[in-house]
Amino acid sequence: MDGSLDLPRIAAALRPLRADVIALQEVDRNAFRTGGVDQVAELADLLGMEGFHGAHRAFQGGAYGNAVLTRLPVLEVRTHPLPPARGNGLAALEVQVGVGESQLLVSVVSVHLAGELLDRSLQADSLTSLFRATAWPVILAGDQ
C-alpha cells in the first residue's frame, strides 16, 4: 500500500498463512516497470512453492496477468481467454491440482475482472460457461 514493490516483504506476509495454494492478480513477468523480474518465479522461490503465470497480454517487454503458487501436485495448467476490457486482453489462469491422499482433482482459477460493469458481466458469464460442466471442484479466486 506504500507504493513500494518488495517481493521479500510480500513473501513474508504470505508465509505465515502456510497456504497450499495462493492466487495472485495483476502480476508482471519480466516487465520494465518491475525491473524485468519474473515476479511469480521469485515469489515461488521465496515461499518454496511452484509458480505459474497466466498472461493476459504482452506488457512493457514482458507479460502481465494472473498467477497461482502451490505446494500441491500440479496435473495441468491452462490459460483461458476472457472478453477484453477497454480493448485490453484478459485471461483466467486454471491450475489443476491433486488434493489429499486420494489426489482429488481440483481446479484453482485466478482471475482479474476489469472494465465497466458490462465488461465484467461478460467476463463472469464466460467463466461460468468455461466451468459449468466441470465434474470436479473449481475454486475461483480473484478481484475486480
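Note that the numbering runs from 1 along the sequence shown for the chain.
Hydrophobic clustering keeps L118 apart from L113 (ILVMFWY residues linked when any side-chain heavy atoms are closer than 4.5 Å, directly or through intermediates). F52 and V27 sit in two unconnected hydrophobic clusters of ILVMFWY residues. Membership requires side-chain heavy atoms under 4.5 Å apart, directly or through other members. No chain of hydrophobic side-chain contacts below 4.5 Å, direct or via other Ile, Leu, Val, Met, Phe, Trp or Tyr residues, connects L43 to V74. No path of Ile, Leu, Val, Met, Phe, Trp and Tyr side chains, each step under 4.5 Å between heavy atoms, connects I22 with L140, placing them in separate hydrophobic clusters. A single hydrophobic cluster is seen to contain both L7 and M49, as judged by linkage of ILVMFWY side chains at heavy-atom distances under 4.5 Å, directly or through other members.
Counting heavy-atom neighbours within 6.0 Å of E116 CD, excluding the residue itself, gives a total of 12 or less.
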Apply side chain to side chain contact (heavy atoms under 4.5 Å, CB included) to residues L93 and V77 and explain how you reach the verdict. CA-CA 8 Å; L93 173 62; V77 178; 3.8 Å; yes
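Heavy-atom minimum distance, E50 versus A44: C-CB, 4.0 Å. Residue G115 comes nearest to R86 through the heavy atom pair CA-NH2, 3.4 Å, listed as atom of the first residue, atom of the second, then distance. Considering all non-hydrogen atoms of both residues, T79 and P81 come closest at O-CD, 3.7 Å. What you find for G48 and R71 is that their closest heavy atoms are O-NH1, 3.6 Å. Between P84 and Q123, the shortest heavy-atom contact is O-NE2, 3.8 Å. Closest approach of Q25 to S110, counting heavy atoms only: NE2-OG, 2.9 Å.
A distance of 6.5 Å separates OG1 of T70 from CG of D20, quoted to the nearest 0.5 Å. Atoms CD and CG, from Q39 and L46 in turn, are 11.5 Å apart once rounded to the nearest 0.5 Å. Here CZ of R78 is found 9.5 Å from CG of L130. Values are rounded to the nearest 0.5 Å. Going from atom CG of L105 over to atom CD of Q96 covers 5.0 Å, rounded to the nearest 0.5 Å. Put simply, CZ on R120 and CG on L127 are 13.5 Å apart, with the number rounded to the nearest 0.5 Å. Distance check: L14 CG to L47 CG gives 6.0 Å after rounding to the nearest 0.5 Å.
Each of V108, V95, V21, L24 was evaluated against L69; a single residue qualifies, L24, per the side chain to side chain contact (heavy atoms under 4.5 Å, CB included) test.
A heavy-atom distance below 4.5 Å is not found between the side chains of R29 and V40. The closest side-chain heavy-atom distance from D143 to E26 is below 4.5 Å. Looking at heavy atoms from C-beta onward, L72 lies in side-chain contact with V99 at the 4.5 angstrom threshold.
Panel note: side chain T128, backbone A124; a donor-acceptor pair is recorded below 3.5 Å. Put simply, the side chain of H56 gets close to the backbone of A91: a donor and an acceptor are under 3.5 Å apart.
Ring orientation note: the planes of F131 and H80 are nearly perpendicular, at an angle over 60° on the 30°/60° scale.
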